[in-house]
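Shown next, in structure tokens, is the structure this report addresses.
In this text the structure is predicted, and so the values were computed from the model without any measurement.
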Number of protein chains: 2
Amino acid sequence: MKRRQPVSIKTVAERAGVSPATVSNVLNAKPSVAPELIERVRNVVAELGYIADNHASRLRSGKHSLAGVVVPDLSNPMFGTFVSTLETLARQDGFDLLVVSAANDVEQERERLNAIRSWRPAGLIVIPCDGALSHRTPSIMPMPIVVVDRLPDDPDYDLIAVNNAQSAAAISAHLSGQGYRSCTVAGSTLSISNVRERWEGAASAAGGMAISMVEVGLETDGIRRRLYETLTQRRPEALFALDHITALIAYQTMTDLGLSTPGDLAFASFDEAEWMRLVRPAITTVRQPIEEMATAAWQQLSQRMGGNADPVRTMRLACSVEIRGSTLREGGRSDTAA
Amino acid sequence: MKRRQPVSIKTVAERAGVSPATVSNVLNAKPSVAPELIERVRNVVAELGYIADNHASRLRSGKHSLAGVVVPDLSNPMFGTFVSTLETLARQDGFDLLVVSAANDVEQERERLNAIRSWRPAGLIVIPCDGALSHRTPSIMPMPIVVVDRLPDDPDYDLIAVNNAQSAAAISAHLSGQGYRSCTVAGSTLSISNVRERWEGAASAAGGMAISMVEVGLETDGIRRRLYETLTQRRPEALFALDHITALIAYQTMTDLGLSTPGDLAFASFDEAEWMRLVRPAITTVRQPIEEMATAAWQQLSQRMGGNADPVRTMRLACSVEIRGSTLREGGRSDTAA
DNA sequence: AGCTTTTGATAAAACGTTTTACGGGAGGTC
DNA sequence: GACCTCCCGTAAAACGTTTTATCAAAAGCT
């Protein structure tokens, strides 16, 4: 009962006593088909459970209903939410999404970007592993591409990102305003444009507070080691983690060392995660507007797929800065700024 | 430089001075092509950046290199990890993944399951929204389907799940063993087979501990209200949340009410999330082996796609039970059981 | 009634591949 | 040298659609 031999448009046509062309016209709601035939075809389609083969239909019509999404890592809830939002939008416009995750690996990203071409997607949305995207993009990429979150080295693509510098500056100013005298900023590596922008933003707004950067790398073990050194050997009064994974390991390390926040040191994070609102005290963060980024990315891609050929465009979205207990001086006031 | 007119196998053939058939033979590594021609074709392919169109190739050869994945909600990190693992496995076998998320909505799930047929995927892996999957599956689904995590009402599909009952029983026994006299089990709804199995397992191993079930539903507001009532009106000595979202809201509510764990009440959760290891004390959980589930699901689907027609099969994987501070009596011992 | 226009349906071509069936030439055997 | 194989390459058919061109019948004019 589950398996049947394949039913094609011809089967439907025969059964309804019409030509395949008519069936096609009915299914694509072309005008000038007699109401009676529409009815008859519809019935047969329902009866047989027929649904047109997208491959054949794409092949002939040249109309693509597939868009590709490349993210560094789907198990990161931030990217999961991003894809999830994107999917809803895409479906509304009649697109399906081919999702690939690059497992945070530049080499895999290259391979996936190449392989995805064979599906001839109408467009691509990419959150690259790092800034060197264009080195990894096959030279022939005939579809529009929108890059999200991380600045590509090559200003050849549309970009949707957040105002990294301003947001980091807000945190920095807040810490300085609370009276902390020294702050260490920890991030994966300055070669990622994101991280660089955040660091520069933070540095620019430190005021009288001594501020320094430590690059912890991308691998768990290395991150843990560098943070351990930082927290034991020259502990600052405040620690500002520039990405989620660094923040997570920093918090773990602090807990392991028996350091409490904000008593022993203030703690803030770029990238907000669920747990940051759950721990006590809750953690001061910069919340990135993921849904808005997805929406903006889809809108932009939509326009490009529709033929829009305006010059490449960069869009910066605002983050919200959530000041919470982890950075407040005892008796300090609580505020929320953007 | 980015855009070029489409290059097809004919373009390659002409440029290499051979027939399209030969190009095809080279690309698909068919035997009996002269080494010299192979070389020549390869060069042209590289030069033009040609890559075969999957749609056309599927259409003619009937060989599908696409598999579908349907999950309730990609922004849930558990499902994100699941898809991510699946993707790696699929790529190793030369498959691409068409990912759709149903936004936890039964109606959307139905619609997506129907729409995905038009891509003629070679197989489907589905984590259904609830147990009534077969009511939502179009009658004609000619490809193999593997259901994961939630028992379908209809034993017509292969199933990969975890030993819900035993794992919940282990938690229940642990709580009872710690000397708690009453326990409330909170879960979305017993109409989800998962939840039912967990509740029954917990109930069966309560020993002398009074145990009762409260169904909190699926919507945030409702969950919050029911949990608030539970915690204020007839607070038990222990609370066992049966799914991640219930656990999250329960923990928030406890924090809001100023209740501490395990002092005011013990707290445990099925489904482990990152934050449960970060809060202090850390939370006792049942950790589901997501990666193993994904691996098992892909293996099973792989076999089915390879033509295996054995009777439908159900596979139960073991969870690990992580006993942590949130359920330990003061001075109690810490243990880890499976 | 004769003419043109409109309407509604279809046959056939086309999309980019893979596969099947065929054919030409080289090599082997008697 | 006639015959048979075997090897290598190609022409053409086929996959399931959509589109284009065509055509018959009906409808609108004078």
Ionic contact status for B:Arg42 with B:Glu47, cut-off 4.0 Å: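 No, no charged N to carboxylate O under 4.0 Å.
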Salt bridge flag under 4.0 Å for residues A:Lys10 and A:Glu14: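 Looking at A:Glu14 together with A:Lys10, the answer is no, because their closest N to O distance does not fall below 4.0 Å.
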Is it true that a side-chain atom of A:Arg150 and a backbone atom of A:Ile192 form a donor plus acceptor pair closer than 3.5 Å?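 No; judged by distance alone, with no hydrogens or angles, the pair does not exist.
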Please report the C-alpha distance between A:Thr314 and A:Asp158 in whole Å, then the side-chain angles of each, then the deciding distance to 0.1 Å, and finally whether the side-chain hydrogen bond (donor to acceptor under 3.5 Å, both in side chains) criterion is met. CA-CA 6 Å; A:Thr314 291; A:Asp158 290 314; over 6 Å; no
Once side chain to side chain contact (heavy atoms under 4.5 Å, CB included) is applied, do any residues pair with [X], and if so which ones, sequence neighbours excluded?
X	answer
B:Arg110	B:Glu107, B:Arg136
B:Glu39	B:Asn43
B:Ser118	A:Ile51, A:Asn54
B:Gln299	B:Thr295

Would A:Thr85 and A:Glu291 count as a side-chain hydrogen bond (donor to acceptor under 3.5 Å, both in side chains) if you check the C-alpha gap in whole Å, the side-chain angles of each, and the deciding distance to 0.1 Å? CA-CA 6 Å; A:Thr85 310; A:Glu291 285 90 351; 4.9 Å; no
Listing, residues 20-28 of chain A side-chain donor-acceptor contacts under 3.5 Å, not counting sequence neighbours, or none:
residue : atom : partner : partner atom : Å
A:Thr22 : OG1  : A:Ser19 : OG           : 3.3
A:Ser24 : OG   : A:Asn28 : ND2          : 3.4
A:Asn25 : ND2  : A:Ala21 : O            : 3.4
A:Asn28 : ND2  : A:Ser24 : O            : 3.1

Please list all pairs passing the ring-ring contact (aromatic ring centres under 6.0 Å, His included) test where one or both residues lie in residues 10-41 of chain B, with sequence neighbours left out.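 Matches after skipping sequence neighbours: none remain.
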What pairs meet the ring-ring contact (aromatic ring centres under 6.0 Å, His included) rule with one or both residues in residues 75-125 of chain B, with sequence neighbours excluded?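 Pairs touching residues 75-125 of chain B that pass the test: A:His55-B:Trp119, B:Phe95-B:Trp298.
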May I ask you to verify if any side-chain N or O of B:Thr22 is less than 4.0 angstrom from the OP1 or OP2 atom of D:dT10?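 B:Thr22 to D:dT10 OP1/OP2: side-chain N or O found under 4.0 Å.
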5' to 3' on DNA chain C, which nucleotides open and close the contacts with chain B (atom under 4.0 Å from a heavy atom)?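 The footprint of chain B covers C:dG16 to C:dT19.
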Scan nucleotides 20-24 of chain D against the protein and return all N/O pairs shorter than 3.5 Å with their distances rounded to 0.1 Å.
none

Please enumerate all protein N or O atoms sitting under 3.5 Å from an N or O of nucleotides 5-8 of chain D, with distances to 0.1 Å.
none

A:Lys63 or A:His55, whichever maps to the more 5' nucleotide of DNA chain D: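 Going by which nucleotide is closer to the 5' end, it is A:His55.
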Which angle, rounded to 10°, do you find between the first-five-pair axis and the last-five-pair axis of the helix from C:dA1-D:dT30 to C:dC30-D:dG1?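 So the angle between the two local helix axes works out to 50°.
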Would you mind classifying the nucleic acid contact of A:Asn54 as base, sugar-phosphate or nothing, using non-hydrogen atoms under 4.0 angstrom?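 It contacts nothing in the nucleic acid.
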Which residues pass the salt bridge (Lys or Arg N to Asp or Glu O under 4.0 Å) test with B:Asp96, sequence neighbours left out?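 B:Asp96 satisfies salt bridge (Lys or Arg N to Asp or Glu O under 4.0 Å) with B:Arg91 only.
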